[in-house]
Number of protein chains: 4
Amino acid sequence: MAPTKKVGILGATGTVGQRFILLLSEHPIFTIHALGASSRSAGKAYKDAVRWKQSRPIPDNVAQLVVKSCEAELFKDCDVVFSGLDADVAGDIEMAMLKQDIAVFSNAKNYRRDPTVPLIVPTVNADHFDLIPHQRQLNNLKKGFLITNANCSTTGLVVPLKALQDAFGPMSHIIVNTQQAISGAGYPGVPSLDILDNVVPHIGGEEEKIEWEVGKIIGDISEDKKSFVLLPNTIVSATCTRVPVLDGHLESVSVKFANGSPSVEQVYQVLEQYSSEAEKLGCHSAPQKPIVVTYDADRPQPRLDRENLKGQAVTVGRVRPCPVLDIKFVLLIHNTVLGAAGSSVLNAEIAVAKGLI
Amino acid sequence: MAPTKKVGILGATGTVGQRFILLLSEHPIFTIHALGASSRSAGKAYKDAVRWKQSRPIPDNVAQLVVKSCEAELFKDCDVVFSGLDADVAGDIEMAMLKQDIAVFSNAKNYRRDPTVPLIVPTVNADHFDLIPHQRQLNNLKKGFLITNANCSTTGLVVPLKALQDAFGPMSHIIVNTQQAISGAGYPGVPSLDILDNVVPHIGGEEEKIEWEVGKIIGDISEDKKSFVLLPNTIVSATCTRVPVLDGHLESVSVKFANGSPSVEQVYQVLEQYSSEAEKLGCHSAPQKPIVVTYDADRPQPRLDRENLKGQAVTVGRVRPCPVLDIKFVLLIHNTVLGAAGSSVLNAEIAVAKGLI
Amino acid sequence: MAPTKKVGILGATGTVGQRFILLLSEHPIFTIHALGASSRSAGKAYKDAVRWKQSRPIPDNVAQLVVKSCEAELFKDCDVVFSGLDADVAGDIEMAMLKQDIAVFSNAKNYRRDPTVPLIVPTVNADHFDLIPHQRQLNNLKKGFLITNANCSTTGLVVPLKALQDAFGPMSHIIVNTQQAISGAGYPGVPSLDILDNVVPHIGGEEEKIEWEVGKIIGDISEDKKSFVLLPNTIVSATCTRVPVLDGHLESVSVKFANGSPSVEQVYQVLEQYSSEAEKLGCHSAPQKPIVVTYDADRPQPRLDRENLKGQAVTVGRVRPCPVLDIKFVLLIHNTVLGAAGSSVLNAEIAVAKGLI
Amino acid sequence: MAPTKKVGILGATGTVGQRFILLLSEHPIFTIHALGASSRSAGKAYKDAVRWKQSRPIPDNVAQLVVKSCEAELFKDCDVVFSGLDADVAGDIEMAMLKQDIAVFSNAKNYRRDPTVPLIVPTVNADHFDLIPHQRQLNNLKKGFLITNANCSTTGLVVPLKALQDAFGPMSHIIVNTQQAISGAGYPGVPSLDILDNVVPHIGGEEEKIEWEVGKIIGDISEDKKSFVLLPNTIVSATCTRVPVLDGHLESVSVKFANGSPSVEQVYQVLEQYSSEAEKLGCHSAPQKPIVVTYDADRPQPRLDRENLKGQAVTVGRVRPCPVLDIKFVLLIHNTVLGAAGSSVLNAEIAVAKGLI
């Protein structure tokens, strides 16, 4: 077996950071080597620095690790750095890590629109890793690189969209309505007075992210592997709401195909049969299949389906004709697993499998 | 002041029936005269027959009323009958009441598609009462008639749609996503194990109701006042979900106009200025205006906006361009007030004002 | 009718402050004259300074009032100041207001244990106002004075305890378990990730407050009206938990009487018949009776009973023998009405009725 | 390794039955052999008969099993029968199974007070199995016997009480307040309209169960192993409430010791060191230790602690002096694992280890 890789986790005390720790504490190829957080936490044992909010306890091998501040110098012996940092600090810190020649996997929005940074959903566009040699050349790096995840809602959306696009050609119009879990806002995040017995029909910046990111993720990489070709003719309209659910974003989607509508049966078949490079590469965290299809009339549901295939699959159901566009369906994504830390970890496993780390 | 009208309430122990009692117990022109429920409740004092679930107590003048079974004979001295009956029994009972020459206001779905029964949302299509003379003639009645409310979600939707259609002409396409409160399912209704920390993306029959009812309500009545002209070219696509909210349905709507899109500012202006016959007739339960417009980025919200104008207004906000259709917005309706009993009561007040009762 | 009194509200943008505004915006003897908040809010119109979280909208006559900073000088033309300030700033500001010779009604804990400050629950110990002349003398004041409310949970508890003590003599032991609403923690207060699908069995300082405050409130005032005689032999043990409820604290109480146990029937009778000086003085906000007794096996419940008598009554039910102590029962208090702002307003009405303002 | 035992599950489609299936589908010594449910379900494949409400999917080896009606004849080739039947049918069916000479583990209340039926909490009183030979003799059985679990709330309570009694001698008085999860009421169980934004301070029969069962479970078995000696001088007073929590009952407990109070430190030490026969026998489902002690001021919490040691441990925290009795603390039990199916399974493992099966 290959030697394990040393990993650092930035923003280790936050909601995404806690999930990273659960996913990595018993990982076959990654070993948690360093934890980074704000200067307020630096110098403390992790268990004293964190307000742990997971239902599983802090892993023993992490509880006593001393948290560092997020200076690149302190992480230079890491092979990989996973970042769960907030956008307001992620930009500078992640760039500094990259310049240390570290492989950086970011959950923040800062570099998603950067034309030299792949925006990768692991079960959708692992081929976008092909741009890494070009990125390294630009930055004069030997082994470091920078990859970002997509926004959690976007991630759930692009998995079935990619399956449909592969099978039926380009989609001209997509309307999506999300009902997003409170864990997506971090901790303390959403005040309980705002969400108990309530729905909040607004999440700052979320609609814009979805409407833009889809076009990069299920778009192409250029032949020379030096740029991304965003989808030119696929228009997305999003409405995002927050609901009193702990984990799991539900999304209602209507799509119109440029070349005519498939039947409901064809859509179900394509979703069932969709597979991705991640499984084929035998990655540890890859779900058996990227999409779990449900035929029950009242599924998917956040509480019952978010753990499907350990939270790394998207569950899709209620496929039916849309009287206005062509086809409509409902999907569910575990927002802090595949929608955040789980994507990063799987992306890193893919990078290892591809020899990039 | 005119003499008050005697009213009966059918399904008086149910969720809608309880709301009728709160709305009618201190009404200036209606007096609660008779309560009807299943044979299991008949013969009991109302307070002993009901499982009261409202936050205000049972009105004193109702608590001791003896509940009757829903036989038309027993309600023949009522001027008006409000029905909160379930669809499985509403059909026969409401028809029997009509044949007793009583004015019947139904909340059930049974007669909504009947071409001789007006489907009226009071702040939208009070002109559909014009068909009553024809209905009476067909049924050989002197003072009785039968009116139905719309489905609760449809009711919220058609108020702004009517405003927009009046101002900007026909809409060709409408996509609506609802997030509906548990009170819409009655009592015991939704099991708590199904909805706590969860969303259920399915409400049986609801999507079909919305997709059909819109076309009748904001359609026309024929010149001879003997039939309804359903909208021929307005297509509606609905997705309905249940959320852990007590009262208040939230709906995300996208619309496309047949004759080109108005601006966001024009839409706001039209929504602000919309008025209906109900206010002009001076009806007691008419809201000051049918639509409350909110400009806050995160409104409307069920818990904060459902009581706006005593629950008889629809609150609309987040008007913005839709990249796929033309305009999108979010609305909120109090599902058991304007969405059910409140519509019936206001419809009855309109009928009195028009001299039909 | 007497001329109205000008009132100021400190902490006007907070949860308690918002409730003050709802209670006072249409009050027969008090007129909202000034609003105070932090320097961040000062200078702004109230509607722009506040994050309004009530289900009723901001009253029109308040929305445009310009918020002041909480300097005593700026409130000197107020007859009364109601304070919803947090404990960390309440001490100095309230003292400064007192020194301006203003009648101050505080919701904070700072002066509750001060031997010269009455701790008054309006339907329990209005006779403690008798110490005001002594307090004025000590502070060299003509019309100002300082009164505090009790903690919200204590307030609910002492109302039935006072009734029982008046009828059956002293209680030797009291055990109370509370299940408290999230609104008690203010805004943003409890993070939703902490309370959805959860109970938190700890509220900092709350148990100590309850265990101490009971003895002052249902204790005596000395014959010379210059000091309070705390209950010497009544021991209280409290456990406090936070539950996912918006408003309304539920408390399970067991009591042991020093002179032998009354019967359940006697307890019910005493609770039913309890009355307080507040009603007798004809105060506007006094509930018809201080205690609403319920005989339903599953009541009181927060959602169904918190609005009883406009939130100014305590609802008590499930009176039954306690195998360990003597009698146990369950009570409910609306924590932001009688448990906070409502107590202050009613206390001020009592003070007016007694000629102290 | 010993040959596996064939097990039947009665009430297999219910909430407790579903949990049995999850616990037994990959069990080292038990194999699911037969499923029993009502006649309505009999004859259907399990996946078609059940409304599955668990977050993990139906195990593959169970989904296609055909459900039987609960006739003893149909279960006679089972070595063990686990019953999750409701009390209204459990009495006759479980007795019929016993007469078939089957080892029956019941979750229902029917036989808990039977003087010849052990009431066993596996980490508390496994020595009560010693009565089985006497029970067999009375019923003329060779290998069958009947054991019951305790009520879920009682189960949580007796684990720390047993630890305290073993160390500090008898307790004279115990007051307990429970906050119980909705899953305790089965499905459909608690209507969402009753529990959202609410607490219900009553669970029918629950308080009586707790007050009685404690005395049998932590009481003795007679020297001749033919009867149980209930605690003669330990009085329990319970108040039970339902809260909007999915799984996990929280209990606030105060106890008085007959022989004087231990210190808080002594109590913590005793709870930490408590161990039970179940671990010592090496049972598969035994938790590493029966009690998880938490020292955080705001723990245990249902959402964060219910899965501790796979739901088979009781979590105890907030140990502190009780001003009225001696010591108070807060505990949490997973009501559908250790509080129901998990107790039965562990009891059966103990019985196997003791050679009774």
Pick one of side chain, backbone, both or neither for [X], based on which atoms fall under 4.5 Å of a heavy atom in chain D.
X        : value
C:Val324 : both
C:Leu250 : side chain
C:Val199 : both
C:Glu207 : side chain
C:Asn177 : side chain
C:Ser172 : neither
C:Arg299 : backbone
C:Leu332 : neither
C:Ile203 : neither

task = Would you check if there is a donor-acceptor pair between the side chains of D:Arg320 and C:Ser237 at a distance under 3.5 Å?
result =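 Short answer, no.
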When rounded to the nearest 0.5 angstrom, what distance separates [atom1] in [X] from [atom2] in [Y]?
X        : Y        : atom1 : atom2 : answer
C:His173 : D:Leu325 : NE2   : CG    : 8.0 Å
C:Asp197 : D:Ile182 : CG    : CD1   : 8.0 Å
C:Asp194 : D:Arg303 : CG    : CZ    : 8.0 Å

inquiry  = Using side-chain heavy atoms (C-beta onward) and a distance below 4.5 Å, is D:Gln301 in contact with C:Pro201?
reply    =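 D:Gln301 reaches C:Pro201 side chain to side chain.
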Return the option, out of [options], with the maximum number of heavy-atom pairs under 4.5 Å with chain C.
options                                : value
D:Val243, D:Ile235, D:Ile174, D:Asp247 : D:Ile235
D:Pro300, D:Ala181, D:Pro321           : D:Pro300
D:Val330, D:Val245, D:Leu304, D:Asn198 : D:Asn198

Heavy-atom closest pair, residues [X] and [Y]:
X        : Y        : answer
C:Cys322 : D:Ile175 : SG-CD1, 4.4 Å
C:Thr239 : D:Arg318 : CG2-NH1, 4.4 Å
D:Ala238 : C:Lys328 : O-NZ, 2.7 Å

Does atom [atom1] ([X]) have a neighbourhood of more than 12 heavy atoms from anything else shown, all under 6.0 Å?
X        : atom1 : result
D:Arg113 : CZ    : yes
C:Lys109 : NZ    : no
C:Asp88  : CG    : yes

